[in-house]
Amino acid sequence: MLLGYFVLDLGGLKFCLFAVAVLATYFILNAFYQLYFSPLAKVPGPWYTSISRLWLLSKALKGGVVFDIYQLHQKYGPFVRVAPNEISVADIQSVNRIHDLNDIFPKAKIYETMGAGLDSITVKTDHEAYKRRRRAIGNVFSNSNLNILEPVVRKHVVTCVQKVKREITLGRTPDLLKWVHFMSADIIGELSFGKDFGMLEDEIVNPLVEDMGAFLILFGLRSWLPIIGSGALKSVLSYIPSFKLYKILGSADRIAEYGKESLANVRRDICNCKNGLIRPSIFSKVLENASNPDAKLPLTADQMRDEAFAFMLAGSDTVVVTAVYTIWAILRHEDARRKLEADLKLSKLGPEDTCHGDLNGFTNQNLQNIPYLDFTIKEGLRLFAAVQMSLPRTVPAGNGGRQLGLYFFPSGTEVSTPVYAIHRDPVLFPDPHSFKPERWINATDDMNSASLGFGGASRMCIGSNLAMMEMRLLIAILFSSCPDIGLASSCTDESMEMEEFLFIKPRGQKCEVVKNSSVG
Ligand code: HEM
């Protein structure tokens, strides 16, 4: 009311000028406070990141923010103020503290914004809620459970390699990115929803997997622009006659519907199963007492659907990118390739004759005894883990905050650990941009704890064991079955340059291979 009189009294234009003046004054005073009086004022960084979040927002939306943050660390050192309330921390002792299991720095609120409407462990920021959900999901990827899941993984890996091999034998240039995408989507689809998407068999992308790709973009966008997740904006946008937009906006609902139906089928199968031969699935353990359809399960149907959805989002493209980049690096480094092939042969686990051999010796367990394979994957994860972004956490309550390095950070400050920059720390990883699996032969504790490819200890990737199994089997079976594989001329260093938006991916969007005429 008072404001109404004030507006009338001043007149519209004057009121606007007044409002602009108030905002400008607030902005200047706040900038002054942030630069000189805030508890974070002493942390180095460009002046413009201290006074507003705009720099971070614009870089994140443009894509490639991880490279910009790396440049800032090169210039300002291990602690950089990247936004008024956010510090990027690349100092390894402090990184360890941030991800410590004994003094939890919870996930930052940005995860909740990103996952609005998704009831999944991935986006839980309250640590007690996270622990409850972790217990309810159970040890789905423990080693004993992985043994049960291995035949499903193996089946799809072998099919994928057979398809690549067939293509190169026919003189074609198969795209590894495409085939491994088919493979990993089929694996996680079958493990989560009880049936694969038939992508390897049909050799095309399933529309539902397309939906998931669309949803992943939404997921990334709304972490920075929460309005994108709002129902009101969705209703407005749905009036725009665009098929692409329709697909993106409807993606979450279609996936949810599919997830619910599939999981109900899985449960029905288990209830009807008379001979005890239950199809292996991530949720078999959760559904263990499903023989009684009225039994109370640790997760509701909706929660299970959301977790399955999150596993699809977190466990498909991540494996594709990491595995394909690692294979590309091996193919590009003759020395690494020779050593890997020699170790695979020496293990006598694989086929004698690469054309018609028996691959059954290549089990997940056996492959863990081939050191060079392990070093190669570790180095692949260092340089090419799909998630190279910063992992944002909040300084916990208690004691007013926490000391990290030379600085005291008040509770509530956001501290993020920039994976891309930490993995390229020249002190921990000399010649950091080069692919050198040998560096892992005598790995130090610091090298191991700086390896954040699967995240930090307190919120480690749930699917890391599954991802490692997929990568071990794929690399071993590919290099043993296709000794004549090489990079196609289309697969250049430029085409494989990294782009980043949520996950990394090659600029050229493909990684083609070919039959290498110089080999056997
Ligand atoms: C090479 C492949 C993979 C990479 C590089 C990777 C990387 C990561 C990273 C870095 C995190 C931590 C994110 C953070 O702290 O914000 C994470 C979390 C997670 N990952 Fe993975 N991941 C991979 C495969 C998988 C697979 C196969 C699954 C599931 C089947 C999976 C499921 C999850 C889940 C559910 C979380 C959230 C855990 C939590 O919030 O505590 N990931 N992953």
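No experiment lies behind these values; they were computed from the predicted model shown. Start at 1 and go down the list; that is how both ligands and their atoms are numbered.
For the pair Ser94 (side chain) and Ala90 (backbone), a donor-acceptor distance under 3.5 Å is absent. Between the side chain of Glu379 and the main chain of Lys436, a donor-acceptor pair closer than 3.5 Å is present. Judged by distance alone, the side chain of Lys378 and the main-chain N or O of Trp440 form no donor-acceptor pair under 3.5 Å. Listed for the Thr49 side chain is a donor-acceptor partner under 3.5 Å among the backbone atoms of Arg81.
Counting only non-hydrogen atoms, the option in Ile187, Thr122, Thr322 that gets closest to atom 37 (C) of ligand 1 is Thr122.
Proximity of Ile188 to ligand 1, defined as any heavy-atom pair under 4.0 Å, is confined to the side chain (atoms from C-beta onward). The proximity of Lys124 to ligand 1, defined as any non-hydrogen pair under 4.0 Å, does not occur for either the backbone or the side chain. Residue contacts with ligand 1, taken as heavy atom pairs separated by less than 4.0 Å, involve Arg393 solely via side-chain atoms from C-beta onward.
Open room surrounds CD on Gln365; 12 or fewer heavy atoms of other groups in view lie less than 6.0 Å from it.
Panel detail: atom 21 (Fe) of ligand 1 has protein N, O or S atoms under 2.8 Å away, 1 in number.
Remark: ligand 1 atoms within the under-4.0 Å shell around heavy atoms of Gly453 are 5 (C), 7 (C), 10 (C). Of all atoms in ligand 1, numbered sequentially from 1 with element shown, those under 4.0 Å from a heavy atom of Leu391 are 14 (C), 15 (O), 16 (O). Interface of Phe311 with ligand 1, defined as ligand atoms under 4.0 Å from a residue heavy atom, comprises 35 (C).
Among pairs with a residue in residues 94-137, those fulfilling ring-ring contact (aromatic ring centres under 6.0 Å, His included) read His127-Tyr130, at least two apart in sequence or across chains. Sorted by first and then second residue, the ring-ring contact (aromatic ring centres under 6.0 Å, His included) pairs with a member in residues 175-206 read Trp179-Phe182, Phe193-Tyr258, Phe197-Tyr258; sequence neighbours excluded. Counting only residues at least two apart or in different chains, side chain to side chain donor-acceptor pair (under 3.5 Å) contacts with residues 184-193 comprise Lys155-Glu190, His156-Glu190, Ser184-Ser316.
Nearest protein heavy-atom contact of atom 16 (O) of ligand 1 is Tyr111 OH, 2.3 Å. With respect to atom 39 (C) of ligand 1, the closest heavy atom belonging to the protein is Arg459 NE, 3.5 Å.
Shortest non-hydrogen contact noted between Asp175 and Cys511 is OD1-N, 2.8 Å.
Contact annotation: Lys107 has at least one heavy atom less than 4.0 Å from an atom of ligand 1. Residue contact check for ligand 1: His99 places no non-hydrogen atom closer than 4.0 Å to it. For Ala310, the heavy-atom gap to ligand 1 stays at 4.0 angstrom or more.
Remark: the Thr394 side chain and the Glu414 side chain contain no N/O donor-acceptor pair separated by less than 3.5 Å.
Between Glu470 and ligand 1, no pair of N/O atoms sits closer than 3.5 Å.
Between Tyr325 and Phe384, the angle of the ring planes stays under 30°, which puts this pair in the parallel group of the 30/60° scheme.
Residues Asp302 and Asp119 have side chains not in contact (no heavy-atom distance under 4.5 Å, counting atoms from C-beta outward).
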